[in-house]
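Working notes for the structure below.
The sequence lines fix the lettering, A, B, ..., with proteins before strands; numbering per chain opens at 1.
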Protein chains: 2
Amino acid sequence: MNDIYALLEENNLSRTPCRVEILKTLSHAGVALSESEIRDKLGYNYDRTTVYRTLRNFLNQNVIHSISLEGGEVRYAMTPHKDKPHGSHHVHFYCNQCSGVYCISHKPFDTPQLPAGFSPENYDLLVHGKCKKCTV
Amino acid sequence: MNDIYALLEENNLSRTPCRVEILKTLSHAGVALSESEIRDKLGYNYDRTTVYRTLRNFLNQNVIHSISLEGGEVRYAMTPHKDKPHGSHHVHFYCNQCSGVYCISHKPFDTPQLPAGFSPENYDLLVHGKCKKCTV
DNA sequence: GTTATATTTGCAACAGCGTTGCAAATCCTT
DNA sequence: AAGGATTTGCAACGCTGTTGCAAATATAAC
């Protein structure tokens, strides 16, 4: 709870109920959530616009990050502390069965060689498969 | 031209102008295209619905594949021949400057270890950076 | 604690992507 | 050239995300 207040202060964001609740929801979720899932968990007490604006603020400050899935679906999750925005390596896992999205790692991994002329800046790896819970 | 006809036949798709033109456009593009870019290149001679349905057919037959970008944007590109749908490794490159998307490779690459319980099926790597043309 | 200013919220409206239902047009077979 | 099956266009819709503006709330100053 205090860490959420701290997070808001560090990023110069005022402590409003909506912001606090969204951060609480995302940190307890375990998986990445879509905007509608977030709003659902908050009991539809906040307007769609407000949630989107709040998420956008958090994204700008790198408090959260977004994961884009096939078909254009977007999920949001807490950013593991102090991610450097450039030169970053992200691994996410999408479960084909429960469609849950997990943040696996934000640490460097081996990357394939690119053709001459392409200068990489960051890497996003999305792994599809069966997650922990769905593997019986 | 004949290879496009062959591609349609192999996949049991009738040879309609719309299908032929979309495949021609995608094979000559060099980069992945969005639905609106495709329709633009076809001079808005086809309905949005028709283009979407055509793309969906091509996706189902694995004639083309889609790449999902940050913010939910989707681009479409030809599938390099005979991609096996499972156990596949895809590398795509997004240029931060010209926002072009390139298919780099569909061949296996080193992948990071996943936590216990996660069974990977396929890997999609999206690299952000500066592309060939934009590197002066 | 009260006032004033800046920020945040809700509402209404809008834009874009992708889908469905249905009727008209086109394709493939014979 | 005629038949039925497939494809296309149109209208309408749903969902995600955005903007403008007025009301509500937070922050700072007194």
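Non-hydrogen atoms lying under 4.0 Å from DNA chain D are contributed by A/R48, A/T49, A/Y52, A/R53, A/R56, all within residues 47-59 of chain A.
A/S68 and A/V74 get closest at one heavy-atom pair: OG-CG2, 4.2 Å. Taking each heavy atom of B/V127 and A/P120 in turn, the nearest pair found is CG1-CB, 3.6 Å. Closest heavy-atom contact between B/C98 and B/C131: SG-SG, 3.9 Å. The minimum heavy-atom distance between B/L7 and B/N11, with the atom names listed, is O-ND2, 2.8 Å.
In this structure, B/R39 places its CZ atom 11 Å from P of D/dG9, rounding to the nearest Å. Rounded to whole angstrom, the span from the OH atom of A/Y46 across to the P atom of C/dC11 amounts to 13 Å. For the pair B/I67 CD1 and C/dC17 C1', the computed distance is 17 Å after rounding to whole Å. Taking atom CG of B/N11 as the reference point, atom P of D/dT6 lies 16 Å away to the nearest angstrom. Look at CD1 on B/I38: it is 16 Å from C1' on C/dG16, rounded to the nearest Å. One interatomic measurement links the two molecules: CD of B/E37 to P of C/dG16, which rounds to 14 Å at whole-angstrom precision. Atoms CG (A/N60) and C1' (D/dT18) sit 14 Å apart, rounded to a whole Å. Between the CD atom of A/E73 and the P atom of C/dT19 there is a distance of 13 Å, given to the nearest Å.
Inspection of the B/S34 and B/S36 side chains reveals an N or O donor paired with an N or O acceptor under 3.5 Å.
Here B/Y76 lies in heavy-atom contact (under 4.0 Å) with sugar-phosphate atoms only.
Relative ring orientation between B/H128 and B/Y94 is described as tilted, the plane-to-plane angle lying within the 30° to 60° band.
Mapping B/N12 and B/G71 onto DNA chain D by nearest heavy atom places B/N12 at the nucleotide closer to the 5' end.
Proximity of the aromatic rings of B/H90 and B/H65 is defined here by a centroid distance below 6.0 angstrom, and this criterion is met.
Taking a cutoff of 4.0 Å between a charged side-chain nitrogen and a carboxylate oxygen, B/R75 and B/E73 qualify as a salt bridge.
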I'd like a list of close polar pairs between nucleotides 24-30 of chain C and the protein, N/O only, cut-off under 3.5 Å.
unit_1: C/dC28; atom_1: OP1; unit_2: B/R15; atom_2: N; d: 2.9

B/R39 vs B/E35, test: salt bridge (charged side-chain N to carboxylate O under 4.0 Å, His left out). Steps then yes/no. CA-CA 6 Å; B/R39 202 147 39 86; B/E35 177 275 339; 2.7 Å; yes
